[in-house]
There are 2 protein chains.
Amino acid sequence: MKVEKISELTTNRMSIYLRCLNALAAENVKTVSSDGLAKRFHLNSAQIRKDLAYFGEFGVRGVGYYVDELREHLTKILGLNTEHCVAIIGAGRLGTALADYYGLTQTNFSVAAMFDADKEKIGQKIGDVEIFDIKDFARIAKRDKIDVAVIAVPAAVAQSVLEIITKAGIKAVMNFAPTPLKVEGDVKVKTVDLTISLESLSYFLAQPTNSNGKN
Amino acid sequence: MKVEKISELTTNRMSIYLRCLNALAAENVKTVSSDGLAKRFHLNSAQIRKDLAYFGEFGVRGVGYYVDELREHLTKILGLNTEHCVAIIGAGRLGTALADYYGLTQTNFSVAAMFDADKEKIGQKIGDVEIFDIKDFARIAKRDKIDVAVIAVPAAVAQSVLEIITKAGIKAVMNFAPTPLKVEGDVKVKTVDLTISLESLSYFLAQPTNSNGKN
DNA sequence: TGATGTGAAGCGGTTCACAGCC
DNA sequence: GGCTGTGAACCGCTTCACATCA
């Protein structure tokens, strides 16, 4: 185990490993080697070992890793042993879809509130989640102990929304607006750009290698 | 200009550059230097020049780039001068949200069909888009000239859906199922994992540096 | 003069290969 | 014998710095 800065690529993979281990646990598998994990889930065994070793010596030489034990370690490392309260800003189609999606699929994250600037939407509910006026963000965020914000507003207003969020003391932000954001201070912003992803596929299709369907 | 394999990181940025140029064009800006672009949109000027140079010599020394001309080049490079027809597999909450989202925000991509296995959903419409039986995928895909597929089904069935898609000859796939997929042949799969993104934020929040809000 | 295009240097992540331990 | 943990080699992307050219 080393005391180094851990790359985001590593932490992303930790999340993947945890899911894989959950699958194994569901099958009642007790131990697994890095090689076994890699083969089963199309991963790289050296990378698994290296990633895990950043956080501790969880394995047993000659045996592998104990599935349940490692699951607990990963859960703690990823901070998934505590609840997180999520606010979604932008109650448009994407925002409401994310509210449903996260509400259903995520166990440690609960969507506590939504925000919008549209008077028509304010006061309505998406499932159990109320839509508040974005002007009240700081107050509601504090009241509901929000610690994660999701930006699902048009690109043009994303930067100003980010400023409202960070002023309220939120440190973790997921951004779905297709625009690069200027981030100040120790705030983590993860941008998921659905447009870039699609255009990247378009580029791939435009390459001559793929035009005939063979290569 | 070099004849090398171009990294996906580069093509992703090309998509960003195009958006930036569109913004400049909307402001009637005629020329821009790599430095000007970088300052304005928080990018890196050396990287802009290097990225563009992979595809040609679009700039003029001492001047910069002509905005309109470069926009056209990027549009062509990214294959955005031709229409793409998208199929969304999985008519659940995420799938329907994506149908709406892509239908509204993307100009060169049109959602032509949706698919599901649930008899209740088959035959219904999301906006103008009909939901078909996944069993008819190959037929409909051919009929409607689908060239991009979006996977928005549960993780457990994502792999089998991918196989249906690739057997039908689709080469470009966007995957929202939270699972690593085994890809065969010259098919491009882009996975967007909303779970990983959230858990990565959770990790960030769990770090001691961030617990006091300062560092 | 001013900005591009590009070799070269720098840096970070991945893969290799093996010593160390069960 | 088997598998982990890890230094070293490798590889690819980013950044630098400057020759080149309008």
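In what follows, every chain begins at residue 1, and chains take the letters A, B, ... in the order their sequences are listed. Below, each value reflects all heavy atoms present in this structure, side chains not excepted, and no hydrogens, waters or symmetry copies. This structure is a prediction, so every number in the text was calculated from the model and none was measured.
Residue whose closest nucleotide on DNA chain C sits further toward the 5' end, between B:G62 and A:V60: B:G62. Annotation: of the two residues near DNA chain C, A:T10 and A:R49, the 5′-most nearest-nucleotide partner is A:T10.
Phosphate proximity of C:dT14 to A:R13: present, with a side-chain N or O under 4.0 Å from OP1 or OP2. For B:Y66 and D:dA22, the shortest distance from a side-chain N or O to OP1 or OP2 is not below 4.0 Å. For D:dA22, the OP1/OP2 oxygens have no side-chain nitrogen or oxygen of B:Y65 closer than 4.0 Å.
One atom, CZ of A:F55, and another, C1' of D:dT4, lie 17 Å apart when rounded to the nearest Å. Between the C1' atom of C:dT4 and the CD atom of B:E69 lies a distance of 14 Å, rounded to the nearest Å. Rounded to an integer number of Å, the gap from CD1 of A:I48 to C1' of D:dG5 is 14 Å. Remark: P of D:dG5 and CD of A:Q47 are 15 Å apart, rounded to the nearest angstrom. Rounded to an integer number of Å, the gap from NZ of B:K50 to P of C:dT4 is 14 Å. Computed from coordinates, the B:I6 CD1 to D:dG12 P distance equals 15 Å when rounded to whole Å. For the pair A:L9 CG and D:dT14 C1', the interatomic distance rounds to 15 Å; values are reported in whole Å. The nearest whole Å value for the distance from the CZ atom in A:F58 to the P atom in C:dC22 is 17 Å.
Here B:F109 pairs with B:H84 under the ring-ring contact (aromatic ring centres under 6.0 Å, His included) rule; sequence neighbours left out.
Side chains of B:N81 and B:T75: a donor-acceptor N/O pair is absent below 3.5 angstrom, by distance only. With hydrogens and angles left out, the side-chain atoms of B:N44 and B:K50 include no donor and acceptor closer than 3.5 Å.
Within 4.0 Å of B:S34, counting heavy atoms only, lie sugar-phosphate atoms of the nucleic acid but no base atom.
Under the 4.0 Å criterion applied to side-chain N and carboxylate O atoms, B:D35 and B:R40 are not assigned as salt-bridge partners.
The base of C:dG20 is paired with the side chain of A:R61 by a donor and an acceptor separated by under 3.5 Å.
Among the nucleotides C:dG5, D:dT15, C:dT15, the one closest to any side-chain atom of B:N44 is D:dT15.
Taken to the nearest 0.5 Å, the CD1 atom of B:I16 stands 11.5 Å off from the CG atom of B:L37.
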